[in-house]
Protein chains: 2
Amino acid sequence: MSRVVNGSPQVSPSAREAVERAIAELGYVPNRAARALVTQRTDSVALVVSESEDRVFGQPVFAGVIRGISSMMAETPLQLWLAMAQSGAERDRVSAHLTNQHVDGVLLLSMHDDDPLPAILADRGLPVVFGGQPIHMLDEHNDAAPVNFVDVDNIGGAQLATDHLIGIGRRVVATIAGPQDMVAGVARLIGYRRAIEADPKIAAPIIAYGDFTEESGGAAMHTLLEAHPDLDAVFVASDPMALGAMRVLREHGRRVPEDVAIVGFDDSVLAGQTDPTLTSVHQPMEEMGRAMAQLLYDRIRGVASAEANVILGTYLVHRQSA
Amino acid sequence: MSRVVNGSPQVSPSAREAVERAIAELGYVPNRAARALVTQRTDSVALVVSESEDRVFGQPVFAGVIRGISSMMAETPLQLWLAMAQSGAERDRVSAHLTNQHVDGVLLLSMHDDDPLPAILADRGLPVVFGGQPIHMLDEHNDAAPVNFVDVDNIGGAQLATDHLIGIGRRVVATIAGPQDMVAGVARLIGYRRAIEADPKIAAPIIAYGDFTEESGGAAMHTLLEAHPDLDAVFVASDPMALGAMRVLREHGRRVPEDVAIVGFDDSVLAGQTDPTLTSVHQPMEEMGRAMAQLLYDRIRGVASAEANVILGTYLVHRQSA
């Protein structure tokens with residue numbers, strides 16, 4: 001109908017007449033939502049975070065990314081709307097709102113591998129940018145359609161961390177890995193394995209798993225100490241898990257770094273506040289958020305291709321724990 | 001147009017025929033946004049937080065309220081969308097999206113008194129619930145239209161805190177107040193004044209101001225010590241400001257609580273981690289968030305009146321600092 005109201009010439013005279021009569025009879029007020037039906041522009045984008053509020057607000061990593069997204073979006077005409085959707089029911093509900101009548105594009109953060117949302121959004125033809133590379137793309141032989149993503153170099157960072165532990169003379173180097181349905185968990189384990197397997201002097205990989213939280217890091221450290229009491233270093237795939245691991249080492253009378261050297265991953269504010277302070281892999285979270293926002297804006301304007309992606313470098317920040 | 005598509009009988013035969021012809025010629029797909037134009041239901045609500053991302057993610061108070069809102073909304077059919085809007089330009093932009101074609105209602109958090117958004121939303125007839133009582137409503141003689149709000153008893157909590165300092169024998173009891181364009185800043189200062197002025201043995205009110213941040217609390221403590229070196233207690237209107245104040249007292253060689261007793265406000269996780277631990281007024285932030293969500297949902301369904309509001313109790317949590 002708006003093509004008539006807007007005076008577009010691509011409407012037959014009879015249709016125009018019919019619509020104009022209907023407009024006069026029914027009343028018609030052009031408005032933003034109605035215009036969006038035709039122009040397909042809403043000037044809104046959604047950021048969907050598949051995590052609990054506790055983790056979104058409790059883990060500095062999320063705060064950094066969201067800060068970056070938000071500050072970059074403020075430089076565009078787009079309004080950013082944040083939704084948290086942890087359970088399946090919450091994801092179903094939010095997906096019903098993610099149509100091109102509601103948003104021009106979607107940013108997805110911390111998607112687990114079983115999340116149906118990416119496929120639903122792809123079907124709707126909405127531009128989508130992933131924060132974190134989809135897991136299947138880590139497989140070089142995958143034949144899935146390309147997607148836009150921004151990630152940090154998790155593999156390279158984990159390799160740097162593990163190489164550092166080997167470099168300072170440690171020989172039984174374990175890891176506390178993250179969840180294997182999240183790309184950061186999988187990629188950091190790949191980096192650890194590459195470093196371990198590249199050096200024949202080092203014991204075979206020793207792996208326990210956590211879910212990136214402090215508690216899970218403590219539990220994983222317990223498991224490692226029972227199975228490998230001779231371990232002298234641990235690469236821990238997140239700073240909160242590293243805090244848990246250091247707590248359990250202290251409870252077992254093991255000194256850090258003298259008995260067991262520890263490297264974390266995040267370089268969060270926590271890393272500078274622990275005793276001893278935590279050597280950790282730095283990942284540029286705010287920059288990642290800004291790059292996600294920029295890439296989505298470029299996709300919406302048609303100046304970036306559906307294959308574009310960004311991987312940001314990571315580096316090791318040396319402190320006392322290794 | 002949807003009245004025709006939905007088969008409503010309140011359309012004249014000629015209008016129906018005209019519209020049906022136009023539909024056939026132009027193509028028409030009923031969708032959620034189109035339906036929203038007629039049904040005026042979007043099943044979305046917005047939470048607008050007038051703060052920087054740093055404060056939203058850095059201050060536990062916001063995380064608590066947002067967690068409460070989010071968990072309550074998950075029990076309704078409504079999808080929650082969060083927008084942060086600190087600058088005037090950001091508030092203008094978000095206000096363009098807050099129409100009844102986009103949302104069924106709005107939650108406003110941490111509005112400063114000069115914010116034009118509440119008046120704009122009232123003009124649009126959207127249900128709005130304030131987190132924090134609008135400042136002008138603290139004046140019992142105000143004649144403004146009633147609004148829906150949920151707040152904690154800031155006045156009562158500040159009075160409890162100040163009475164406690166007087167009760168343990170302190171006689172020169174200062175306050176570090178919050179910003180006077182925010183209701184929590186104004187109300188907590190009212191509570192302090194009431195307690196001081198009720199007791200003729202106590203020196204007149206001694207007031208310095210901060211903006212609720214750690215740095216501002218430190219600066220205000222400097223000011224107080226210079227003007228009133230004899231002070232023996234301070235009621236500080238937020239926990240982060242209390243941390244700044246304790247830091248400056250330590251730098252000046254004043255012991256807490258022996259030389260200067262301190263009470264904060266928030267009872268945040270910080271309060272249990274400082275040395276000495278911080279006596280502080282507890283405010284139920286998550287409960288406040290849940291009450292905001294419930295009240296908005298009730299307003300949208302028409303089961304709460306435009307005058308309904310909720311004030312939640314506060315109480316003092318005793319630790320080492322006073």
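Lettering follows sequence order; numbering is per chain, from 1.
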Which atoms of Ser87(A) approach chain B - backbone, side chain, both or neither, heavy atom under 4.5 Å: neither

For chain B, which candidate among Ala85(A), Ala89(A), Ala83(A) shows the most heavy-atom pairs at distances under 4.5 Å? Ala83(A)

For Gln79(A) versus Glu90(B), what's the shortest heavy-atom pair and its separation? OE1-O, 4.5 Å

Between Leu47(A), Leu80(A), Val94(A), Leu82(A), which shows the greatest number of heavy-atom pairs under 4.5 Å with chain B? Leu82(A)

Here the gap from His97(B) atom NE2 to Asp43(A) atom CG, rounded to the nearest 0.5 Å, amounts to 5.5 Å

Could you please state which residues from residues 65-75 of chain A sit under 4.5 angstrom from chain B, measuring non-hydrogen atom to non-hydrogen atom, sorted by number, or 'none'? Ile66(A), Arg67(A), Ser70(A), Met73(A), Ala74(A)

Approximate separation, where rounding is to 0.5 Å, of Trp81(A) CH2 and His102(B) NE2: 8.5 Å

